[in-house]
Structure formats: structure tokens, C-alpha cells
Amino acid sequence: MSTFAKPENALKRAEELINVGQKQAALQALHDLITSKRYRSWQKPLEKIMMKYVELCVDLRKGRFAKDGLIQYRIVCQQVNVSSLEEVIKHFMQLSNEKAEEAKTQAQALEDALDVEDLEADKRPEDLMLSYVSGEKGKDRSDREFVTPWFKFLWETYRTVLEILRNNSKLEGLYAMTAHKAFQFCKQYKRSTEFRRLCEIIRNHLANLNKYRDQRDRPDLTAPESCQLYLDTRVEQLKIATELSLWQEAFRSVEDIHGLMSLVKRTPKPSVLVIYYAKLTEIFWISESHLYHAYAWLKLFNLQKSYNKNITQKDLQLLASSVLLAALSVTPYDNKYGASHLELENEKERGLRMANLVNFSLDSKRENREMVSYKLLSMCFKSISSL
């Protein structure tokens with residue numbers, strides 16, 4: 001392990017090693033300094049060292065080194081200068097994204113290069129054998145070998161940053177921004193497997209937040225700003241899930257949002273509820289849950305009518321007609337004849353979960369009065385109301 005009297009000396013030594021092409025040795029020298037117990041108090045030269053350190057980690061695709069260094073730097077500056085950690089992490093993500101973009105522009109066949117089921121999986125022996133037998137040494141193979149590693153590294157970067165920033169009140173804004181960037185990565189490159197993993201990671205972070213309530217610098221979900229950040233993250237998660245047609249994950253995302261709303265006991269902004277119920281109409285239609293589909297439309301109609309001051313008469317007619325058509329599509333009997341007792345119990349549990357998501361009441365008279373009170377039929381298109 002290298003020892004330096006001043007942090008600046010380590011940076012100077014790293015620059016010398018880089019100039020003679022020894023980037024790995026330069027990275028190791030900086031890693032030794034960052035993990036040393038001698039430098040546990042924040043000072044400005046450490047930020048410059050961390051900037052150079054993450055640059056080397058990206059150039060050499062050393063994800064584990066990056067994670068180790070960032071964890072140590074978080075310990076150093078968490079109570080003194082959080083903004084320094086934010087700048088380093090933003091620089092790290094920017095460099096990783098730029099490298100991935102460079103690889104994308106250099107590869108002509110990006111879709112073929114990213115035709116991988118799982119970015120975390122290693123090459124299978126049969127794939128290696130096939131490449132040798134088939135003699136695949138053309139451009140497709142070079143694209144795959146060049147592009148995929150950088151996208152794997154970018155995905156690993158998002159995971160590392162989320163792990164470092166999780167459940168910290170001083171870093172929750174950057175955590176939310178990173179989650180949104182990771183969602184956009186999954187959407188842009190249609191990474192279904194990684195999106196499911198990402199949702200599970202964020203879900204586990206919230207579960208641990210509620211489990212360990214005595215944690216230092218724990219975010220306070222009862223604070224409006226913190227609550228809104230967590231809700232916005234899950235709303236974005238819901239949007240991407242529906243755009244990727246991952247309906248099971250979309251349903252779980254809706255449950256996440258509902259659980260968060262129940263946890264903080266605070267009514268979200270109308271704009272959030274509009275997206276919530278709009279996505280529920282899609283999910284319930286795909287799952288053929290026509291009763292809850294109709295009720296979600298009614299909730300959406302009520303929200304738009306009450307809070308959207310700029311809604312046009314035509315849009316209101318379209319919403320009212322959608323509510324009516326959704327209600328007409330509800331079958332009088334939903335029970336499955338010949339189904340086993342277990343199947344009926346599972347269906348009952350599923351129904352209760354869906355009813356909970358839309359706050360559905362079994363008081364049908366009340367719902368009928370609600371529809372009549374809004375003069376729903378008179379608001380529909382004539383061709384629809386005549387049905």
C-alpha cells in the first residue's frame with residue numbers, strides 16, 4: 001500500500017502513472033489513499049482525487065473499485081459536505097453515460113448488440129462454442145463485444161449509486177434523480193429484466209426504511225418534500241412499466257404507490273392521482289377486471305371535473321362517455337362456474353386487492369347516486385348516451 005504525506009502527492013503520482021500508460025497502478029494508488037484511515041476528515045483535495053478516481057474507474061470499467069471508493073467518500077463527507085459527494089456521483093454517472101453513448105454511436109447494429117436477455121449474466125459455454133464453430137468474427141460479433149460491456153457498466157453504475165444514496169435524508173433528491181435516470185435507461189433500451197430488478201431494489205430500500213426506524217439521517221416520509229419525491233419516483237416507475245407493457249410490474253407499482261399513500265396518511269396532489277387512476281384503467285382493462293376498470297374511470301372523471309380548470313367540454317364528454325362504456329362492459333356475474341375452491345379463494349383475494357387500490361365500496365346505491373349527481377348521461381356523446 002502506498003503512503004503519502006499529503007493527498008495532493010497521491011494525485012500527482014497518479015497523473016505520472018497515467019502518463020506512462022499505467023492506469024491500473026494509478027487507480028490502485030488513489031484507492032489506497034481513499035480507503036486509508038489517515039484521511040477520514042473532508043478536505044478540498046479529496047474531491048479532486050475522487051474526480052480522478054471515478055474517471056479511472058470508468059475508463060477501466062472497474063465497478064467494484066468505484067463502489068468501494070464512493071462508500072468511503074460518503075463516510076468522509078456525509079456530515080460535513082454532502083454537496084461534494086453529489087458532485088462526484090454526478091460526474092461518475094455522466095462519464096458512464098458518455099462512454100455508453102460513444103459505444104452506441106460507434107456500433108451500427110445497436111439492437112443486435114444489445115440482444116441480451118440479462119445484462120448481469122455471463123457468457124454461457126454453449127455461446128462461446130457456437131461462436132468458434134460458426135466462425136462468427138464479423139461486425140455483429142465485434143458490436144456485441146464492444147457495446148454490451150459499456151451498457152452493463154452503465155447499469156452497474158445506476159445500481160451502485162442507488163445503493164450508496166439509499167435511505168439518507170441529505171441525499172434523497174439525488175437518489176430520486178438517479179432512479180429516474182435508471183428508469184429512462186430501461187425504457188430507451190427496452191430492458192425489461194433490468195427494470196424488474198430496479199423496481200425490486202427500490203421496493204427493498206423503502207421496506208428497509210420502514211424496518212429500521214432508528215437509522216441515522218433517515219428520511220422523514222411525513223415531510224411533504226420527502227413524500228413527494230418518493231411518490232414521484234413510483235409514479236415514474238408506473239409510467240415506464242405500462243410503456244414497456246410489463247403489466248404485472250405495473251400492478252405492483254400501483255400497490256407501491258397506494259401503500260406509500262397509506263403509510264404517510266397524506267392525500268397526494270391531484271396531478272399524481274390523475275396519473276394513478278389513468279394507469280389503473282389500462283391495468284384493469286388488460287386484466288379483464290371490468291368492474292374495477294369502470295370504477296377507475298369514474299374516479300378519473302371526478303378528479304378531472306373537480307380539479308382541472310382548463311378541461312374542455314369535449315374532453316369532459318370523452319371522459320363521461322368512457323365511464324359509461326366501461327360501466328356497460330361490466331358483466332352481471334363474475335363467478336367462474338366449475339372453478340375449484342382454491343381458484344375462487346385466489347380470485348376473491350385478487351378482487352380485494354384491486355378494490356383496495358381504488359377504494360371501492362360495495363354500497364351500490366351510493367355509487368349510483370354519485371353517477372346520477374354528476375348527470376353523467378347528459379355529459380356523454382349522444383351516440384353513447386342513446387345506448
- Between Thr312 and Asp315: side-chain donor-acceptor atoms closer than 3.5 Å: yes

Smallest heavy-atom separation, Tyr230 atom then Pro219 atom, equals OH-CG, 3.6 Å

Between Phe153 and Phe92, how do the two ring planes meet: parallel, tilted or perpendicular, split at 30° and 60°?
perpendicular

- So if you build clusters from Ile, Leu, Val, Met, Phe, Trp, Tyr with side-chain heavy-atom gaps below 4.5 Å, do Ile34 and Val161 land together? yes

Show, in sequence, the C-alpha distance, side-chain angles and deciding distance for Lys187 and Glu243, and conclude whether the salt bridge (charged side-chain N to carboxylate O under 4.0 Å, His left out) test is met.
CA-CA 8 Å; Lys187 173 188 172 183; Glu243 289 179 24; 3.1 Å; yes

Is there a path of hydrophobic side-chain contacts, each under 4.5 Å between heavy atoms of I/L/V/M/F/W/Y residues, joining Val235 to Leu229? no

What verdict does the side chain to side chain contact (heavy atoms under 4.5 Å, CB included) test give for Cys227 and Thr222, after you've listed the backbone C-alpha separation in whole Å, the side-chain angles of each residue and the deciding distance to 0.1 Å?
CA-CA 6 Å; Cys227 178; Thr222 59; over 6 Å; no

Inspect the contact between Glu156 and Arg197 and indicate whether a charged nitrogen and a carboxylate oxygen are less than 4.0 angstrom apart.
-> no

CG (Leu56) and NE2 (His31) are apart, to the nearest 0.5 Å, by 12.5 Å

inquiry  = Between Ser96 and Tyr158, is the side chain to side chain donor-acceptor pair (under 3.5 Å) condition met? List the steps.
reply    = CA-CA 9 Å; Ser96 299; Tyr158 289 133; over 6 Å; no

In terms of ring plane angle, is the pair Tyr189 and Phe151 parallel, tilted or perpendicular, where the classes change at 30° and 60°?
perpendicular

Rounding to 0.5 Å, atoms OG1 (Thr281) and CG (Leu298) come to a distance of 12.5 Å

Test log, rule side chain to side chain contact (heavy atoms under 4.5 Å, CB included), inputs Leu162 and Arg166:
CA-CA 6 Å; Leu162 287 172; Arg166 66 186 176 93; over 6 Å; no

Check: Mind checking whether His205 and Tyr175 have ring centres under 6.0 Å apart?
Finding: yes

Report task. Report yes or no: do Ile71 and Val58 belong to one cluster of Ile/Leu/Val/Met/Phe/Trp/Tyr joined by side chain heavy-atom distances under 4.5 Å? Result -> yes

inquiry  = Whether Arg191 engages the ring of Trp155 as a cation-pi pair (distance to the six-membered ring centre under 6.0 angstrom, angle to the ring normal within 45°) should be assessed.
reply    = no

Between the side chains of Asn168 and Glu172, does any donor sit under 3.5 Å from an acceptor? no

Determine, step by step, whether Gln94 and Glu98 satisfy the side chain to side chain donor-acceptor pair (under 3.5 Å) criterion, reporting the C-alpha distance in whole Å, the side-chain angles of both residues, the deciding distance to 0.1 Å, and the verdict. CA-CA 6 Å; Gln94 181 183 355; Glu98 286 175 357; 3.1 Å; yes

Does the side chain of Trp247 come within less than 4.5 Å of Glu282's, by heavy atoms?
yes

request  = Establish, from distance only, whether the side-chain atoms of Asn19 and Glu15 form a donor-acceptor pair under 3.5 Å.
outcome  = no

- Task: Mind running side chain to side chain contact (heavy atoms under 4.5 Å, CB included) on Leu273 and Tyr307 for me, showing each step along the way?
- Result: CA-CA 11 Å; Leu273 289 175; Tyr307 295 102; over 6 Å; no

Rounded to the nearest 0.5 angstrom, the NZ-NZ distance for Lys181 and Lys90 is 9.0 Å

**Asked** After noting the C-alpha distance and the side-chain angles of Glu55 and His91, does the key distance pass the side chain to side chain donor-acceptor pair (under 3.5 Å) rule?
**Response** CA-CA 8 Å; Glu55 287 174 14; His91 187 56; 3.1 Å; yes

Between the CD atom in Gln304 and the CG atom in Leu318, the distance rounded to the nearest 0.5 Å is 10.5 Å

So CG of Leu246 and CD of Gln237: to nearest 0.5 Å the spacing works out to 11.0 Å

**Asked** Ile201, Ile257: one ILVMFWY side-chain cluster at the under-4.5 Å cut-off?
**Response** no

Exactly one candidate in His180, Gln228, Met177 meets side-chain contact (heavy atoms from CB on, under 4.5 Å) with Thr233; the answer is His180

Check for me, please, whether Phe301 and Trp285 land in the same ILVMFWY cluster - side-chain distances under 4.5 Å, paths through other members count. no

_One pair to check against side chain to side chain contact (heavy atoms under 4.5 Å, CB included): His290 and Phe284. What are the steps and the verdict?_
CA-CA 7 Å; His290 299 300; Phe284 288 150; over 6 Å; no

- Query: Would you call Lys52 and Glu47 a salt bridge, using N to O less than 4.0 angstrom?
  - Reply: no

Checking Leu280, Asn302, Val323 against Trp297 for side-chain contact (heavy atoms from CB on, under 4.5 Å), the one that qualifies is Val323

### Task
For the pair Thr242 and Lys279, evaluate side chain to side chain donor-acceptor pair (under 3.5 Å) and give the outcome as yes or no after the intermediate values.
CA-CA 8 Å; Thr242 54; Lys279 294 303 180 182; 3.3 Å; yes

For a salt bridge (charged side-chain N to carboxylate O under 4.0 Å, His left out) check, start with the C-alpha distance between Glu200 and Arg252, then their side-chain angles and the critical distance, and finish with the verdict. CA-CA 10 Å; Glu200 198 59 36; Arg252 295 187 70 189; 3.3 Å; yes

